[in-house]
Protein chains: 2
Amino acid sequence: MKFDPDTIVAPNSSHQGSSHRGRPRQFCPDAALTAALKVFWERGYEGASMAELTEAMGITKPSLYACFGNKEALFRKALDLYEKEKLAYVRAGLTAPTAKGVAEAFLRGSLAMQTGNDPRGCLSVVSAVACTNYADSIRDEITSLRLATDRAIIERFERARDEGDFPPGVDPAAMAHYLTAILQGMTVQARSGATPVELERLVATTLAIWPGR
Amino acid sequence: MKFDPDTIVAPNSSHQGSSHRGRPRQFCPDAALTAALKVFWERGYEGASMAELTEAMGITKPSLYACFGNKEALFRKALDLYEKEKLAYVRAGLTAPTAKGVAEAFLRGSLAMQTGNDPRGCLSVVSAVACTNYADSIRDEITSLRLATDRAIIERFERARDEGDFPPGVDPAAMAHYLTAILQGMTVQARSGATPVELERLVATTLAIWPGR
DNA sequence: CGAATTTCATACCACGCAGTATATAAGAGT
DNA sequence: ACTCTTATATACTGCGTGGTATGAAATTCG
């Protein structure tokens with residue numbers, strides 16, 4: 001029976017539940033995946049070579065392939081991790097009391113991501129924009145991920161409209177796409193070297209202009 | 001003496017001034033460069049292979065290298081062509097009478113580019129975001145290009161402030177970066193499959209929110 | 001201990017990439 | 001007509017890529 005690469009289990013640094021025949025793996029898959037995410041994040045899918053990845057992950061190629069499948073599967077898992085960990089502020093932001101509060105939470109969350117130690121820019125944006133020749137499955141996953149968050153923001157803004165957060169005549173869906181456009185633009189600017197101060201000013205400007213509460 | 005690839009001259013379809021020793025070239029460099037631009041535009045620099053380029057340009061590899069130098073030089077010339085032809089609306093937009101007029105010209109110009117037959121998205125944005133491992137010279141050229149237009153917009157908005165286009169307390173530079181962020185976000189959304197109607201709505205929303213005249 | 005099983009390390013493979021050597025074709029100058 | 005020059009076509013090179021074969025090391029089960 002073959003090893004199932006879809007299930008990452010038993011990082012050997014933490015407590016190991018059921019014992020395991022054969023030689024134990026000498027690295028922590030979670031840590032390795034985190035390292036891989038960082039590489040994909042700054043180099044893009046095609047820009048990240050297996051050599052770079054294995055070096056950053058601190059493992060050899062056969063270990064990588066045995067544990068994660070292939071490059072595409074690795075990227076997919078890294079993308080899952082990204083959306084799980086790094087995009088927490090999206091889910092959190094949706095709980096803000098007003099539409100403007102949601103916008104502020106998103107903008108500040110995105111800003112915090114740019115000023116941290118992580119690579120600049122949003123992995124989803126980078127992956128969506130860069131090269132047309134990604135594997136179709138990857139493109140599909142990225143777009144479906146984007147559609148899901150778009151949908152969530154739209155629904156949140158529809159509620160906001162019903163609660164009177166917007167001036168009359170404002171379309172919630174339009175405001176949602178407007179907000180995501182600014183977030184994406186912020187990613188592009190961060191990616192091309194904008195300073196944290198400039199990004200902070202972008203946040204402030206957007207909030208100053210924001211219609212309603 | 002070697003042929004200087006920096007000067008593209010004598011497309012053989014148009015009138016040919018001074019005659020030319022040796023076998024005449026059997027393609028039009030301008031048309032070939034336009035075809036190359038299209039490929040770079042939709043695939044990115046690294047995503048475009050020489051095979052794709054030569055096929056789209058309708059010439060063979062030695063012809064390409066003889067005429068344009070190498071891949072990097074070809075991209076550089078394509079980028080020049082892009083900024084000269086496709087970004088004409090930027091220079092035109094700067095002449096609008098008010099700040100909001102400038103914003104509208106940029107937004108509509110960018111929108112028109114997305115709905116045309118050309119590849120989606122802005123080549124500069126794609127090139128800026130995608131892969132970190134471009135040749136340094138290319139990155140430098142792209143950023144200097146971006147800085148130049150940023151500077152132009154900022155100066156135009158400073159004039160707009162002096163002319164009273166903005167409400168008091170609005171920073172022209174901040175508004176410039178805000179506007180470019182939206183344009184960049186529009187590119188990202190167009191690149192990831194947004195419909196012209198959605199982009200049109202983004203333009204309308206931005207203009208509806210725009211402070212001042 | 002010995003057998004089974006799984007991971008690790010080194011070396012390797014086929015392929016696509018950017019770029020080129022070489023020989024031939026097509027024109028201009030004399 | 002003959003030479004000189006430039007472009008074209010075909011075939012090639014060296015290299016980096018994603019992915020793998022193979023054998024040794026490390027563990028559990030009997």
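Order of the sequence lines sets the chain letters (A, B, ...), proteins ahead of strands, with each chain counted from 1. On a predicted model such as this, the values are computed, not experimentally measured, just so you know.
Listed pair B/Ser63 / D/dT8 meets the phosphate criterion, a side-chain N or O lying under 4.0 Å from OP1 or OP2. Between A/Arg25 and the phosphate of C/dT7, there is a side-chain N or O to OP1/OP2 separation shorter than 4.0 Å.
Under the ring-ring contact (aromatic ring centres under 6.0 Å, His included) criterion, B/Phe75 pairs with B/Phe40, B/Tyr45, sequence neighbours left out. Considering only residues two or more places apart in sequence or on other chains, B/Asp118 meets the side-chain hydrogen bond (donor to acceptor under 3.5 Å, both in side chains) condition with B/Lys86. Residues that satisfy the side-chain hydrogen bond (donor to acceptor under 3.5 Å, both in side chains) test with A/Thr180, not counting sequence neighbours, are B/Gln189. Residues satisfying the side-chain contact (heavy atoms from CB on, under 4.5 Å) test with A/Val170, not counting sequence neighbours, are A/Phe166, A/Pro167, A/Met175.
Nucleotide D/dT20 holds its C1' atom 15 Å from the CD1 atom of A/Ile59, rounded to whole Å. Atom pair B/Phe27:CZ and D/dT6:C1' shows a separation of 12 Å (rounding to whole Å applied). One interatomic measurement links the two molecules: CG of A/Leu74 to C1' of D/dT17, which rounds to 16 Å at whole-angstrom precision. Separating the CZ atom of B/Arg21 from the C1' atom of C/dG29 is a distance of 6 Å, rounded to the nearest angstrom.
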Handout entry: Nucleotide-resolved protein contact map, nucleotides 16-26 of chain C, B/S/- at heavy-atom distance under 4.0 Å
Key = -SBBBB---BB
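Residue pairs that meet the salt bridge (Lys or Arg N to Asp or Glu O under 4.0 Å) test with at least one member in residues 102-116 of chain A, sequence neighbours left out, are A/Glu104-A/Arg108, A/Arg108-A/Glu200.
Under the 30°/60° scheme for interplanar angles, the aromatic rings of B/Phe27 and B/Phe68 are found to be tilted.
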